[in-house]
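Heads up: the structure comes next, in structure tokens.
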Amino acid sequence: MLSWLSLLLLISISWISSVSATSGSFVHCLLSHSQPSHPISAAIHTPNNGSYSSVQQRYIRNLRFKTFSKPYLILTALHVSHIQAAVVCAHRQNLQMKIRSGGHDYEGLSYVAEVPFFILDMFKLRSIHIDMESETAWVQTGATLGEVVYGIYEKSKTHGFPVGVCPTVGVGGQISGGGYGNMMRKHGLSVDNIIDAQIVNVKGKLLDRKSMGEDLFWAIRGGGGASFGVVVSYKIIIVRIPKTVTVFQVTKTLDQNATDIVYRWQHVADKLDNNLFIRLILDVVNGTDDQKTGRARFLALFLGDSDKLLLVMKKSFPELGLKKSDCNETSWAQSVLIFWKYTNGTANVHDLLNRTQDLAYFKRKSDYLKKPISKDGLEVIWKRLIELQHVALTFNPYGGRMAEIPAKETPFPHRAGNLAKIQYAVDWHEAAKEDYYINLTRKLYSYMTPYVSKNPRVAFFNYKDLDLGINHNGKDSYSEGKVYGIKYFKGNFKRLVKIKTEVDPGNFFRNEQSVPTLPHGRY
Ligand SMILES: Cc1cc2nc3c(=O)[nH]c(=O)nc-3n(C[C@H](O)[C@H](O)[C@H](O)COP(=O)(O)OP(=O)(O)OC[C@H]3O[C@@H](n4cnc5c(N)ncnc54)[C@H](O)[C@@H]3O)c2cc1C
Ligand SMILES: *[C@@H]1O[C@H](CO)[C@@H](O)[C@H](O)[C@H]1NC(C)=O
Ligand SMILES: *[C@@H]1O[C@H](CO)[C@@H](O)[C@H](O)[C@H]1NC(C)=O
Ligand SMILES: *[C@@H]1O[C@H](CO)[C@@H](O)[C@H](O)[C@H]1NC(C)=O
Ligand SMILES: *[C@@H]1O[C@H](CO)[C@@H](O)[C@H](O)[C@H]1NC(C)=O
Ligand SMILES: *[C@@H]1O[C@H](CO)[C@@H](O)[C@H](O)[C@H]1NC(C)=O
Ligand SMILES: *[C@@H]1O[C@H](CO)[C@@H](O)[C@H](O)[C@H]1NC(C)=O
Ligand SMILES: *[C@@H]1O[C@H](CO)[C@@H](O)[C@H](O)[C@H]1NC(C)=O
């Protein structure tokens with residue numbers, strides 16, 4: 001079977017020559033829309049510019065896609081007028097646009113395409129304006145989550161925002177796709193704390209919440225920005241946080257009763273005090289006898305000090321045996337770094353601004369856990385994990401605020417009734433072994449079938465997984481889109497399609513897993 005990527009390579013080679021003519025007139029169109037006060041030429045990178053390859057590579061975060069990205073132009077927008085010109089000109093020529101903010105898309109959808117395309121790169125539009133009086137901020141989508149955390153930290157040590165756990169992720173993808181972080185049990189998702197937004201629509205108009213209307217505003221809080229327009233900025237609510245928070249990590253291997261404790265975790269993790277988020281990671285390590293063994297890592301953030309945390313744990317989860325010496329009391333901003341790459345060493349808040357990241361080849365998949373897995377089930381899973389060796393499972397507990405917000409409130413549908421989201425992760429470093437490693441995740445996904453959500457077996461949109469279906473955006477776009485759309489959005493898919501059809505009937509804003517338009521005469 002020809003993989004998506006080999007197909008892509010073949011196609012992209014044959015396209016290169018046929019697109020240069022379009023490219024010339026596209027550049028021409030961009031230049032003709034340039035405002036004297038904000039010249040667009042400074043934002044245009046074609047293969048003739050020396051800057052092209054470094055800009056193209058800069059925000060590729062998955063080595064799998066390093067060699068497949070051959071846009072014939074990258075526009076590093078410096079001003080909203082550049083976004084507007086890009087949309088107007090690309091729409092006129094029906095040229096595929098990929099929008100990239102932080103570049104963390106798991107399948108490279110923000111910078112890889114099967115057809116001639118250009119990248120609208122947002123990383124230069126990253127201003128953050130915080131207003132402590134109203135406890136809100138306007139954040140441009142090219143900012144990273146780390147910059148948002150740092151910006152808030154500079155203004156206040158007792159405020160924060162429910163961001164994701166990796167500081168280099170971009171605001172554009174994280175928020176528009178319904179991002180979560182380790183405060184979700186207390187404050188919900190990022191999208192549950194958004195009160196306004198700016199978007200450039202298919203006509204090149206800049207809209208805010210009032211002028212875009214409540215439907216579109218709903219859609220870009222979890223339905224993925226790339227299907228609806230270019231999100232320029234979000235207005236976020238800054239939430240209150242105690243001055244001291246506590247992070248801990250406790251690990252248990254199989255001979256330390258990991259199975260019993262994991263079993264118990266499933267019964268408490270979604271019911272605990274909302275201030276406590278205990279992530280569970282299952283992986284494989286060398287045992288004392290050099291045999292592979294299973295390891296459970298309990299990595300937690302508590303919004304409070306360690307004395308309070310110990311009381312909560314004693315009452316709700318004594319089986320873990322948490323000790324005061326396991327606890328690291330710190331500021332929220334530092335906790336973000338500690339949680340990200342768990343270390344006992346120092347967490348320097350300036351690292352939040354570091355946009356450079358160690359890269360690997362990787363594949364991710366996701367599932368939802370609705371009810372606890374039996375001890376027998378856990379034994380089977382350990383056996384499979386040890387067999388496959390390289391795949392890790394991360395369980396992010398739900399409940400709390402997540403269970404209170406109705407499933408239709410935002411496009412993100414996974415609310416009450418979910419115990420945890422599961423992420424499958426495999427990283428590797430040898431390009432040639434891609435098939436082997438990706439297969440491991442698919443095998444584990446298959447083994448997990450009895451334990452996770454079914455009919456439909458749902459997934460998290462921000463954990464983009466092309467195994468769930470690909471849209472070729474041909475005449476079957478709707479039927480193709482429905483396959484993955486229902487898995488990501490459940491009952492909210494229908495409303496997303498309706499909004500998409502209203503705001504972008506020609507399906508200009510599209511990618512391999514975008515929300516499709518309604519075919520004529522359906523519904
Ligand atoms: C190391 C790592 C850790 C992660 N941790 C978390 C986590 O804790 N919580 C979580 O929720 N997710 C997490 N994710 C997933 C992450 O939220 C998604 O991959 C997200 O889409 C990345 O956003 P981005 O802007 O960096 O990516 P990009 O690749 O730039 O964009 C992702 C998608 O959004 C679209 N898009 C980007 N910007 C815009 C815009 N301005 N307007 C319209 N569309 C836009 C792109 O076209 C693409 O389809 C993680 C990913 C990685 C790689
Ligand atoms: C790329 O080259 C063109 C043509 O020489 C020039 O106008 C443009 O400013 C260059 N882009 C950048 C970012 O320097
Ligand atoms: C594992 O559990 C058993 C029975 O509950 C207990 O006796 C034993 O001490 C535990 N072992 C460890 C390492 O915690
Ligand atoms: C684990 O054991 C293998 C041999 O079975 C060895 O090659 C590897 O280096 C060990 N890893 C660690 C982290 O000790
Ligand atoms: C952190 O400290 C604890 C307790 O001192 C120790 O058991 C653990 O191994 C340390 N972890 C790291 C990553 O250094
Ligand atoms: C806790 O984190 C702080 C900040 O990074 C660090 O300085 C300290 O050494 C850590 N303490 C422990 C016990 O890990
Ligand atoms: C930023 O992070 C990268 C990757 O971890 C690291 O190599 C680099 O030294 C860091 N840069 C700074 C300025 O700390
Ligand atoms: C991966 O799985 C596919 C489909 O099952 C199979 O054809 C292929 O041989 C596998 N590749 C490797 C390297 O295991």
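This chain uses plain numbering: 1 for the first residue, then up along the sequence. Both ligands and their constituent atoms are indexed starting at 1 by order of listing. Predicted model, so just to flag it, every value in this text is computed and none were measured.
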Original post:
Near Lys433 NZ, under 6.0 Å, is it more than 12 heavy atoms from other residues, nucleotides or ligands?
Top reply: yes
**OP:** Report yes or no: is the cationic atom of Arg457 (NZ for Lys, CZ for Arg) under 6.0 Å from the centre of the six-membered ring of Tyr445, at an angle within 45° of the ring normal?
**Re:** yes
Original post:
Does any N/O atom on Asp351 come nearer than 3.5 Å to any N/O atom on ligand 7?
Top reply: no
Original post:
Nearest to atom 7 (O) of ligand 7, what protein heavy atom do you find, and at what distance?
Top reply: Asp358 OD1, 4.4 Å
Subject >> Asp467/Arg364 ion pair, N-O < 4.0 Å >> reply: no
Subject >> Nearest protein heavy atom under 4.0 Å from atom 14 (O) of ligand 8, yes or no >> reply: yes
Original post:
Does Arg100 come within less than 4.0 Å of Asp105, counting only side-chain N to carboxylate O?
Top reply: no
Original post:
Can you find a protein heavy atom under 4.0 Å from atom 5 (O) of ligand 7?
Top reply: yes
**OP:** Identify, by atom number and element, the atoms of ligand 7 in contact range of Thr356, meaning under 4.0 Å from any of its heavy atoms.
**Re:** 2 (O), 3 (C), 4 (C)
Subject >> Residues Asp465, Lys363: salt bridge by 4.0 Å N-O rule >> reply: yes
**OP:** Among all protein heavy atoms, pick out the one at the shortest distance from atom 8 (C) of ligand 7; state its residue, atom name and that distance to 0.1 Å.
**Re:** Asn354 ND2, 3.7 Å
Original post:
To the nearest 0.1 Å, how far is atom 12 (C) of ligand 8 from its closest protein heavy atom, and which atom is that?
Top reply: Asn439 ND2, 3.3 Å
**OP:** Report the distance from atom CG of Asp504 to atom NE2 of His91, rounding to the nearest 0.5 Å.
**Re:** 6.5 Å
**OP:** Evaluate whether atom NZ of Lys205 has more than 12 neighbouring non-hydrogen atoms of other residues, nucleotides or ligands under 6.0 angstrom away.
**Re:** no
Original post:
Hey, is NZ on Lys498 packed in by over 12 heavy atoms from elsewhere, all under 6.0 Å?
Top reply: no
Original post:
Near ligand 1, which protein residues have a heavy atom under 4.0 Å away?
Top reply: Ile99, Arg100, Ser101, Gly102, Gly103, His104, Asp105, Tyr106, Ser110, Thr141, Gly164, Val165, Cys166, Val169, Gly170, Gly172, Gly173, Gln174, Gly179, Tyr180, Gly225, Ala226, Gly229, Val230, Val231, Phe460, Asn462, Lys464, Asn511
**OP:** Compute both the distance and the angle, then confirm whether Lys490 meets the cation-pi test with Phe493: under 6.0 Å from the six-membered ring centre, within 45 degrees of the axis.
**Re:** no
**OP:** Give the atoms of ligand 8, by number and element, whose distance to some non-hydrogen atom of Tyr436 is under 4.0 Å.
**Re:** 13 (C)
Original post:
Is the charged tip of Arg279 near the ring of Phe277: under 6.0 Å from the six-membered ring centre and within 45° of its axis?
Top reply: no
